[in-house]
Amino acid sequence: MATVLLKGIGKVYDGDVRAAKDINITVNDREFVVLVGPSGCGKSTTLRMIAGLEDITEGELSIDGKVVNDVPPKDRDIAMVFQNYALYPHMTVYDNMAFGLKIRKFSKDEIQKRVSEAAKILDIEELLQRKPKALSGGQRQRVAVGRAIVRQPKVFLFDEPLSNLDAKLRVTMRAEISALHSRLNATMIYVTHDQVEAMTMADKIVVMKDGLIQQIGSPLELYNKPANRFVAGFIGSPPMNFMNVAVKEEGGKIIIDEGNFSTVVEGCDYLKAYVGKNVVFGIRPEDLKYSKKEVKETTIPAKVIVIEPLGAEIHLYLSTGSHQYIARTGPEIDIKVDDQAYFIPDYSKSCFFDIETELVLS
């Protein structure tokens, strides 16, 4: 396997349309890195530059210590799995998996060995003589992955490979790709717009927006210590709640005032520097504890708008009058739509953001 290093990578299309700017990423040997972000953020463009399918406008890309900016895709020793599988419809599964090896003049015995090994790993041995039209979506995805495995490349690239599958199959395939990474000890770079995929699969996540990297870190690092409001809102499901509040100091206590409620904030001494200013208060749904009654300076009151029972938990959609937010609770609470409810925020797990820069305060 290999280390992939992107230094100041950028991409500008005709008409001065910039798709990526100053991309700096280190993908360590045998690491699973996920590029995640909304549509148009530049993640697929970045992956295609690594693959050699897009020219690099600026910066330097190296694979296994070798600069490959001008190296053709076939000579980069990478294998790519596409969103639409890109299988040849007139070929059998065996021939689809073997095609790249035949082009590279591998012997029949070596091709047979590699295809058989990959088919066994992916549990598609019974499908080798079928054609793609006779396969389900999940089976086609396995064939596309198998075609990459037989190459035994230095780096595997995945471009939203699960987006065409139904929700249940996506969960299954997530687990299979993660297990495959462990089994192959492979260097993998994976692109998705689904933050759940990123959180459950990655060793390291790269969050992108508007062609720029917002933050790089482990899944839990991004979840617990987001660098800015975008990362905080993008990572996590349901997403983090945000409310504009004024920071005040009364009797030596720091208070945030939303207009419809005010609570004492403990353990966030850095807010003293923002007394008299407005900030954005961010808190995750699970960090709001349900209270049966109002407690002065402690609880956030809200009207229940929607209740989503999910079996093991309940999602409550709430309104303070000025802001809407979501609380995640256990299934045991007795509450109805239009009820008045109260929640105690855990400020040790909350975030505050600058209103203008949207950077986290600390």
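With sequence neighbours left out, Ser319 forms a side chain to side chain contact (heavy atoms under 4.5 Å, CB included) with Ile305, Gln324. Listed by chain and number, the residues in a ring pair (Phe, Tyr, Trp, His ring centres under 6.0 Å) with Phe230 are Phe234 (sequence neighbours excluded). Partners of Gln129 under the side chain to side chain contact (heavy atoms under 4.5 Å, CB included) rule, at least two apart in sequence or in another chain, are Thr92, Tyr94. By the side chain to side chain contact (heavy atoms under 4.5 Å, CB included) test, Lys336 is found to be paired with Asp334, Asp339, residues two or more places apart in sequence or in another chain being considered. With sequence neighbours left out, the ring pair (Phe, Tyr, Trp, His ring centres under 6.0 Å) criterion links Phe32 to His181, Tyr190. Contacts of Tyr85 classified as ring pair (Phe, Tyr, Trp, His ring centres under 6.0 Å), with partners at least two apart in sequence or in another chain: none.
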- Message: Show, in sequence, the C-alpha distance, side-chain angles and deciding distance for Lys43 and Val36, and conclude whether the side chain to side chain contact (heavy atoms under 4.5 Å, CB included) test is met.
- Response: CA-CA 7 Å; Lys43 58 189 184 296; Val36 67; 5.6 Å; no
- Task: Evaluate the criterion side chain to side chain contact (heavy atoms under 4.5 Å, CB included) for residue pair Asp338 and Lys303; output intermediate values, then yes/no.
- Result: CA-CA 6 Å; Asp338 292 333; Lys303 181 180 180 181; 3.3 Å; yes
- Task: Please test Lys102 against Asp95 for salt bridge (Lys or Arg N to Asp or Glu O under 4.0 Å), starting from the C-alpha separation and ending with a verdict.
- Result: CA-CA 9 Å; Lys102 290 178 180 178; Asp95 289 334; 3.3 Å; yes
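The distance from atom OG of Ser237 to atom CD of Gln195, rounded to the nearest 0.5 Å, is 5.5 Å. To the nearest 0.5 angstrom, Ser262 atom OG is 6.0 Å from Ile255 atom CD1. Glu358 CD to Gln214 CD: the interatomic distance, rounded to the nearest 0.5 Å, is 9.5 Å. For the atom pair Leu157 CG and Ile78 CD1, the distance stands at 5.0 Å (nearest 0.5 Å). Here the CD1 atom belonging to Ile216 is positioned 10.0 Å from the CD atom belonging to Glu221, to the nearest 0.5 angstrom. Atom OG in Ser107 sits 5.5 Å away from atom CD in Glu110 (nearest 0.5 Å).
Residue pairs meeting the salt bridge (charged side-chain N to carboxylate O under 4.0 Å, His left out) criterion with at least one member in residues 72-88, sequence neighbours excluded, do not occur. Among pairs with a residue in residues 276-286, those fulfilling salt bridge (charged side-chain N to carboxylate O under 4.0 Å, His left out) read Glu286-Arg328, at least two apart in sequence or across chains. Residue pairs meeting the salt bridge (charged side-chain N to carboxylate O under 4.0 Å, His left out) criterion with at least one member in residues 48-59, sequence neighbours excluded: Lys11-Glu54, Arg18-Glu58, Arg48-Glu54. Listed by first and then second residue, the ring-ring contact (aromatic ring centres under 6.0 Å, His included) pairs that reach into residues 303-344 are Tyr290-Phe343, sequence neighbours excluded.
Summarising the geometry of Leu5 relative to Thr26, their closest heavy-atom pair is CD1-OG1, 3.1 Å, with the distance given to 0.1 Å. Contact between Pro219 and Ala198 at its shortest, heavy atoms only, is CG-O, 4.4 Å. The two residues Glu160 and Ser163 come nearest to each other via the heavy atoms O-OG, 3.1 Å. Of all the heavy atoms in Val81 and Ala148, the pair that sits closest is CG2-CB, 3.9 Å. Nearest heavy atom pair, residue Asn260 against residue Glu258, reads N-OE1, 3.0 Å. Nearest heavy-atom pair across Ile63 and Ile50 is CD1-O, 4.3 Å.
Here the side chains of Ile23 and Met208 are in contact, with some heavy-atom distance below 4.5 Å. Side chains of Met199 and Ile205 form a contact here, defined as non-hydrogen atoms less than 4.5 Å apart. Counting only heavy atoms from C-beta outward, the side chains of Asn278 and Asn244 never approach each other to under 4.5 Å. Val247 is not listed as a side-chain neighbour of Phe352, based on a closest heavy-atom distance of 4.5 Å or more. Put simply, the side chain of Glu176 reaches to within 4.5 Å of the side chain of Arg142, judged on heavy atoms. A 4.5 Å side-chain heavy-atom check between Ile300 and Phe281 finds at least one atom pair inside the cut-off. Counting heavy atoms from C-beta outward, Val304 and Leu318 have side chains that approach closer than 4.5 Å. Contact check for Phe156 versus Ile149: side-chain heavy atoms found under the 4.5 Å cut-off.
No side-chain donor-acceptor contact under 3.5 Å links Gln215 and Asn228. For the residue pair Ser116 / Gln112, a side-chain donor-acceptor distance below 3.5 Å is found, with atom types taken as modelled.
Residues Val245 and Ile326 do not share a hydrophobic cluster, clusters being chains of Ile/Leu/Val/Met/Phe/Trp/Tyr side chains in contact below 4.5 Å. Side-chain heavy atoms closer than 4.5 Å link hydrophobic residues (I, L, V, M, F, W, Y) into clusters, and following such links, possibly through other members, connects Leu135 to Ile124. By the criterion of side-chain heavy atoms lying less than 4.5 angstrom apart, applied directly or through intervening Ile, Leu, Val, Met, Phe, Trp or Tyr residues, Val265 is grouped together with Leu361 in one hydrophobic cluster. Cluster membership check: Leu359 does not share its hydrophobic cluster with Val207, using side-chain heavy-atom separations under 4.5 Å among Ile, Leu, Val, Met, Phe, Trp and Tyr. Connection of Val4 to Val33 is established within a shared hydrophobic cluster, with ILVMFWY side chains joined at heavy-atom distances below 4.5 Å, either directly or through further cluster members.
Only one option out of Thr192, Ile177, Leu169, Asp194 pairs with Leu162 in a side chain to side chain contact (heavy atoms under 4.5 Å, CB included); it is Ile177. Tested against Thr46, the residues Leu35, Ile213, Ile9, Val191 include a single side chain to side chain contact (heavy atoms under 4.5 Å, CB included) partner, Leu35.
Heavy-atom contacts from other residues, nucleotides or ligands closer than 6.0 Å to CD of Glu332 number more than 12. No more than 12 heavy atoms of other residues, nucleotides or ligands sit less than 6.0 Å from atom CD of Glu266. Other residues, nucleotides and ligands place more than 12 heavy atoms under 6.0 Å from the CG atom of Asp22.
Listed for the Asp29 side chain is a donor-acceptor partner under 3.5 Å among the backbone atoms of Ala2. When atom types are taken as modelled, the side chain of Asn28 and the backbone of Glu31 share no donor-acceptor pair closer than 3.5 angstrom. Thr187 places a side-chain N or O within donor-acceptor distance of the main-chain N or O of Arg30, the cut-off being under 3.5 Å. Arg174 places no side-chain N or O within donor-acceptor distance of the main-chain N or O of Glu197, the cut-off being under 3.5 Å. Judged by distance alone, with hydrogens and angles left aside, the side-chain atoms of Arg140 form a donor-acceptor pair with the main-chain N or O of Pro132 at under 3.5 Å.
By the 4.5 Å side-chain criterion applied to Ile, Leu, Val, Met, Phe, Trp and Tyr, Phe242 is assigned to a cluster that also includes Met240, Val280, Phe353, Ile355, Val360. Chaining together hydrophobic side chains whose heavy atoms lie under 4.5 Å apart places Met91 alongside Tyr88, Phe99, Ile103.
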